[in-house]
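As structure tokens, the structure follows; a few thoughts come after it.
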Amino acid sequence: MSRRKIIAGNWKMNMTPSEAVALINTLKPLVATEHADVVFCVPAIDIIPAVEAAKGSNIKIGAQNMYFEEKGAFTGETAPSMLTDAGVTYVIIGHSERREYFGETDEIVNKKVLKAFEHNITPIVCCGETLTQREQGVTIDFVRQQIKIAFLNVTEEQVAKAVIAYEPIWAIGTGKVATTAQAQEVCAAIRDCIAEIYDEVTAEAVRIQYGGSVTAATAAELFSQKDIDGGLVGGASLKPDFGQIVNYDTFKVVDYQ
Ligand code: PGA
């Protein structure tokens, strides 16, 4: 089966509400495509103006995090119903920065994934190894464990709609992009893992992104791999380059050398 590509920008903690509107207005014509889903995952405070600014375009607005409770005494957190009411359709769950700086465990990731599905928000579930893990040869074991726990008690219908982002931590924000072969190998292993837990049909439906220093120059080769269904893009999603990444299939890098 052919899976529809999904290219998401992760703005991280960048852009004030007014900057967000300006950036969306700049990028809107550049990311127009019928060939892929395009998602901008913006800071929580930017969501409402971003949804407004993206109206009438192909851009969907996503959140970068969400709490796993419905409401109540959880100071500083954002509830799933707040996101849906504001027009959010995607949420990044378990980004490595949240795991590293905010103590998110695989168990928390699982609770958030379950809650996102309950509210019909598509989770973009992040996984990926550290440099030490890669050097020790435990990448695939580690990523499989992250995936198995993230999707505990998630039904096959739900998993089929999920997006998984494979982001090797050593490639995030470092300019060090994984080789196409490294990215494809782990994305294929993730699909195999889903097939083992669920079945082949479910595994074929799941969309798996690569993330980590994706640029306009590397997107086309990465996204044309068998098991790579698009990307989760940090730094380059804040620039006009994001238009070239989204239109990777028609954009050509000219080599003047
Ligand atoms: P990067 O970030 O593209 O800046 O490496 C990717 C991410 O963290 O999602």
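Just so it is clear, the model here is predicted, and its values are computed rather than measured. Order of listing sets the numbers, starting from 1, for every ligand and every atom in it.
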Euclidean distance, Cys41 SG relative to Ile47 CD1, rounded to 0.5 Å:
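Between atom CD1 of Ile47 and atom SG of Cys41 there are 9.0 Å.
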Those protein residues which place at least one heavy atom below 4.0 Å from ligand 1:
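Contacting ligand 1 under 4.0 Å are Asn10, Lys12, His95, Glu167, Ala171, Ile172, Gly173, Gly212, Ser213, Leu232, Val233, Gly234, Gly235.
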Remaining members of Ile92's ILVMFWY cluster at a side-chain heavy-atom cut-off under 4.5 Å?
Ile6, Val39, Tyr90, Ile124, Val163, Leu232
Would you confirm whether the ring centroid of Phe151 sits within less than 6.0 angstrom of the ring centroid of Tyr198?
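Ring centres of Phe151 and Tyr198 not closer than 6.0 Å.
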Whether Glu204 and Arg3 form a salt bridge (side-chain N of Lys/Arg under 4.0 Å from carboxylate O of Asp/Glu) is what I want to check.
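Yes, Arg3 and Glu204 are salt-bridged.
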Looking at Glu77, I want to see if its CD is surrounded by more than 12 non-hydrogen atoms of other residues, nucleotides or ligands under 6.0 Å.
yes
If you count every heavy atom of other residues, nucleotides or ligands that lies below 6.0 Å from Leu152 atom CG, does the total exceed 12?
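Yes, because the 6.0 Å sphere around CG of Leu152 holds more than 12 heavy atoms from other groups.
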